[in-house]
Amino acid sequence: MGKTLTGSTLPMKERLPPKRQPLFNAQMEEVTEPGEFTIMIGAASSDIRLRGSFLCP
């Protein structure tokens, strides 16, 4: 297993097709909305350790 240094960064490339990022409108229909989305990773909402964003055309 590799070691991770605190404060280090690694590039990440992942394709997220629309089916993997569903949103629901007021009529509970699945929709894909354009815009910038933020992804946060952590042990809890008060302990976010990694943050990134992506654009959905």
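Hydrogens, waters and symmetry mates are skipped; everything else that's a heavy atom, side chains included, is used.
- Once rounded to the nearest 0.5 Å, the distance linking CZ of R51 with CD1 of I41 reads 11.0 Å.
- Here the CZ-CD distance, from F24 to E29, works out to 10.5 Å after rounding to the nearest 0.5 Å.
- Note: the hydrophobic cluster containing L50 does not contain I48 (ILVMFWY, side chain heavy atoms under 4.5 Å, direct or indirect links).
- Between E36 and F54, every side-chain heavy-atom pair lies at or beyond the 4.5 Å cut-off.
- The side chain to side chain donor-acceptor pair (under 3.5 Å) search around Q27 returns none, not counting sequence neighbours.
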